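Since the structure comes first, as structure tokens, the remarks are kept for the end.
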Amino acid sequence: MELPTAAATSASDDPQNPYDLALVGARLVGPDGDVACTTLEPATDANLMMAVAMIPDEPLEPDSDYTATIDVSSRAGDVSAEGTFHTED
């Protein structure tokens with residue numbers, strides 16, 4: 001899944017989150033509906049500076065289609081991305 005990117009031109013005073021990156025929303029939908037996920041962003045994970053993540057809380061169903069949607073904001077603006085994937089059997 002290729003996600004759109006936005007380039008920030010100025011950094012904030014926060015060395016942990018220099019681009020004021022924030023996760024606005026994240027959703028993973030599978031064959032049985034919404035999938036519970038843990039989300040990570042610079043404000044909640046010291047290992048992230050310029051990234052956000054969405055990790056399913058339980059293993060995904062094999063041989064199934066999923067749609068992931070994520071919305072982020074930063075100094076460069078807002079970005080929304082959606083992608084689909086299929087798990088292996």
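When reading the values below, keep in mind they use all heavy atoms of this one structure, side chains included, and skip hydrogens, waters and symmetry mates. Everything numeric in this text was worked out from a predicted model, so none of it was measured.
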**Study point:** Ile70-Val79 co-clustered via ILVMFWY side chain contacts under 4.5 Å
**Key:** yes

Review point. If you take all heavy atoms of Met49 and Pro42, which pair is closest and at what distance?
Key: O-CG, 3.6 Å

Check your understanding: Hey, what do you get for OG (Ser73) to CG (Leu21), rounding to the nearest 0.5 Å?
Key -> 7.0 Å

**Study point:** Cluster check Tyr19, Val24: I/L/V/M/F/W/Y, side chain < 4.5 angstrom
**Key:** no

Exercise for review: Using modelled atom types only, decide if a donor and an acceptor are shared between the side chain of Tyr66 and the backbone of Glu61 within a distance under 3.5 Å.
Suggested key: yes

**Study point:** Approximate separation, where rounding is to 0.5 Å, of Leu28 CG and Ile55 CD1
**Key:** 12.0 Å

**Study point:** From Ser74 atom OG to Asn17 atom CG, the distance as rounded to the nearest 0.5 Å
**Key:** 9.0 Å

Review point. Do any N or O atoms from the side chain of Thr87 and from the backbone of Asp63 form a donor-acceptor pair under 3.5 angstrom?
Key: yes

Practice item. Say whether Leu60 and Met54 are linked into one hydrophobic cluster, either directly or through other cluster members, by side-chain heavy-atom distances under 4.5 angstrom. Key: yes

Point to revise | Distance-minimising heavy-atom pair for Cys37 and Asp57 | key: C-OD1, 3.4 Å

Check your understanding: Do you know which two heavy atoms are closest between Glu41 and Leu48, and how far apart they sit?
Key -> N-CD1, 3.7 Å

Exercise for review: Would you kindly say whether Ser80 and Asp71 are connected by a side-chain donor-acceptor distance under 3.5 Å?
Suggested key: yes

